[in-house]
Amino acid sequence: MTKAKAGARVLYWFRTDLRITDSPALNAALAIDHTAAFYPVWCWDPNYVYGHRVGLNRWSFLLESMTDLSDQLTKLNKKQKLHVVRGAPEKVLPMMWNSWGITHIVWEKDSNAYAKIRDERIKALAKDTGVEVLEVHGRHLFDPTEVVKANHNKPTMTLHQWQSVTGKMGGVDQPQPTPISLPDPGDVKLSDELGEERHKYEGVDRNAHIRTGSDTCFDKLSGSKGDYAVPTIAEMGFGQPTTSIRGGTTAGHEKLSNFLSHPDDVATFSKPRTAPTSLEPSTTLLSPYIKFGCVGVREIWWGCKEAIKKWDGKGGQETKEPENMFGQLEFRDMYAAAEAAEPDFERIRGNSVCRYIDWGLQNQYDKDGQEILPRPRGGDEDEERLAAWREGRTGFPWIDACMRQLKNEGWIHHLARHSVACFITRGQCYISWERGMEVFDEWLIDWDPASNPGNWMWLSCSAFFSQYYRVYGLVSWPQKTDKSGALVRKYCPELKNFSDKYIYAPHLAPESVQKEAKCIIGKDYPFPILDEHAEKDRCIARLKNAFALGLHGDAPEVLDGTAPDLLRKKHEETGALDVKTAKEMKEEKAMKKREAAGDSTLDGYVKKAKR
DNA sequence: GACGAGTTGGCACG
DNA sequence: CGTGCCAACTCGTC
């Protein structure tokens, strides 16, 4: 095929931006002069579909979002749609360039480590072919790579730091105008140069467990009907999703405008004061739409600003950063700018921002630094704890309800994420955040490669946060916002007959009460897998040692594999691994107190003098 | 070097 | 229901 002699032929590559609103990249593509053909394209990569363990709820949200986007494109031009080409981008993009005489390819910039490598490869291929690349930032409030540059090539590690760096970069841009028309696509036939080779994926099918039928999605580059239609979940051989969350830019904009139509809610939004126990989400639930780019961040930012301007001042005090809506978006940006500076952000080893802690079940590496896969089994106790956590059968109703909600809905409240993440890492189980992160990656619809590892490091006190002695109680924490245990009653129905007194700790109920509730602990619902308070104290003692050792993921001792032994020695010296029962510890504490009280003179005087 | 702040802790005490 | 302590982190500011 020959290239068009005159007129631009533009390929717009959708990836992180399933919308037509507030899109700097799409507008840049449409601003190219003398466009003779315009191709909106999605590359449906079998390597991704087979190689990444992703739950049904996220697959379905993505497909719905693609379908909705395609409809939006068709509304702008009846001849247009989202062209879903079934193949890896580095294979099918050059085919499109050649077959369709493409002169320009445009995409929204993605600063994620994996995406950066992929996009550099595409840029090199484009250069070889003579296709001009336009990479336009639009996914965040500020371009993370620019923030990193302005921060002396260092990751942003606190919100204040991010705020002070971006404070010198001008304000947040206004939302982009929505296009009112699209040029026609040209001929869409593809020369099938890849032949039979194109569908082969040599690795392991990581989604085999959710495949209920055969996968016909990749049989033809242009789909089964040859029309580049968005794949159906059945075509991928997958079953039906369980979530009630619907994908798409239309649904996302509905959520946003509903929220913005209550200016008092916008003005007084305070994340820490929203309830993780609420049956109906107590937050905006915009995150899945932000993740897939169904809604633009500038629309949210300026939408909130406008709403607050209209606010009559009633319904409470206006909240400030970081707990207000702007703070939430800023945190997302902070994580993105941290991730953009650290290629090993999703693991411990090599990760300069991540403190080294000798968690159980962390990634294992061979002498050459290659991750050993499949991962060797760890200690039976660790494996069993991880499995129980994942499957929502820890014997702690609050944790189990959250994990079951996560699997079922693909979403749990931010503070519920805190609670379950703290439990599996630094709170009680002392299991690597890498394992927890994987489960979130599989089940959360809104899983984001910067925010999620970032938050896992936060909660595990590996980075961003360090007050490891602040541990979420498994009973006391949910009781703060809901004494009645509504979420437990919904997701752990076997416990629903227990009174409020025992709903978060049914194992404390006398046998007669268990019988009356028709739920025997240890039979109908598991006995707790561990002693909450004893394990908490062991964790704190080990965290203390890890902090004293002061190693990070990029330390030589971590890279050469000697760090775990160094820490184990420290634990042995300090008795950090001793298992003490809660009863013993209570007695010990009481004794200390008696001693302190008996020591009548010095301490008392000092304390009084200080006051 | 001290001090206060940091998106969101638990617990005893009054 | 508010206050202060628990045992103590990092970071920026003074």
Could you tell me whether A:Arg426 and A:Glu535 make a salt bridge, using a distance below 4.0 angstrom between a side-chain N and a carboxylate O? no

Checking side chain to side chain donor-acceptor pair (under 3.5 Å) for the pair A:Glu339/A:Ser111: CA distance, chi angles, key distance, verdict? CA-CA 8 Å; A:Glu339 192 241 17; A:Ser111 54; 4.8 Å; no

From the list A:Trp447, A:Trp433, A:Tyr335, A:Phe440, ring pair (Phe, Tyr, Trp, His ring centres under 6.0 Å) partner of A:Trp456 resolves to A:Phe440

Going by purine N1 to pyrimidine N3 plus the second Watson-Crick contact, or the G-U wobble pair, all under 3.5 Å, which nucleotide sits opposite B:dT7? none

How long is the line joining CE of A:Met157 and C1' of B:dG6, in whole Å? 14 Å

C:dG4 to C:dA8 separation - C1' atoms, rounded to the nearest Å: 16 Å

State which residue, out of A:Phe498, A:Tyr502, A:Phe527, fulfils the ring pair (Phe, Tyr, Trp, His ring centres under 6.0 Å) condition with A:His507. A:Phe527

Please produce a list of atom pairs where a protein N or O lies less than 3.5 Å from an N or O of nucleotides 11-14 of chain C.
none

Take atom CD of A:Gln479 and atom P of B:dC11, then tell me their distance rounded to the nearest Å. 10 Å

Classify A:Glu321 by what it touches in the nucleic acid, base, sugar-phosphate, or nothing, heavy-atom distance under 4.0 Å. nothing

Salt bridge or not between A:Asp22 and A:Arg298? Use side-chain N to carboxylate O under 4.0 Å. yes

To the nearest angstrom, how far is A:Arg542 atom CZ from C:dC9 atom P? 18 Å

Taking every non-hydrogen atom, the tightest pair across A:Ala401 and A:Val488: CB-CA, 3.8 Å

Could you check how far NZ of A:Lys544 sits from P of C:dA7, rounded to whole Å? 9 Å

Distance, C1' atom - from C:dG12 to B:dT8, rounded to whole angstrom: 22 Å

Atom of A:Ser460, atom of A:Ile357 and distance for their closest heavy-atom approach: O-CD1, 3.9 Å

Base, sugar-phosphate alone, or nothing: which one does A:Arg417 contact when heavy atoms must sit under 4.0 Å apart? nothing

For A:Gln328 and B:dT7, give me the distance from atom CD to atom C1', rounded to whole Å. 7 Å

Just name whichever nucleotide pairs with C:dA8, Watson-Crick or G-U, keeping both distances under 3.5 Å, else none. none

Which atoms of nucleotides 8-10 of chain B (N or O only) lie under 3.5 Å from a protein N or O atom, and what are those distances?
| from | atom 1 | to | atom 2 | distance (Å) |
| --- | --- | --- | --- | --- |
| B:dT8 | O2 | A:Pro272 | N | 2.9 |
| B:dT8 | O4 | A:His414 | NE2 | 3.2 |
| B:dG9 | O3' | A:Val471 | O | 3.3 |
| B:dG10 | OP1 | A:Gly473 | N | 2.2 |
| B:dG10 | OP1 | A:Ser476 | OG | 3.3 |

Any idea how A:His571 and A:Tyr430 line up, ring-wise: parallel (<30°), tilted (30 to 60°), or perpendicular (>60°)? perpendicular

C:dC14 pairs with, by Watson-Crick or G-U criteria that keep both distances under 3.5 Å: B:dG1

Nearest whole Å is fine: how far is B:dT7 P from A:Asn324 CG? 12 Å

Kindly determine whether A:Asp143 and A:Lys109 satisfy salt bridge (Lys or Arg N to Asp or Glu O under 4.0 Å), including the steps that lead there. CA-CA 9 Å; A:Asp143 182 345; A:Lys109 190 172 175 181; 2.8 Å; yes

Mind calculating the distance between NE2 (A:His160) and C1' (B:dG6) to the nearest angstrom? 8 Å

Can you check the distance between B:dC3 and C:dC5, where both ends of the measurement are the P atom (answer in whole Å)? 15 Å

What salt bridge (Lys or Arg N to Asp or Glu O under 4.0 Å) pairs are there with at least one residue in residues 408-419 of chain A, not counting sequence neighbours? A:Arg417-A:Asp446

With C1' as the reference atom in both, quote the distance from B:dT7 to C:dT3 in angstrom, rounded to an integer. 22 Å

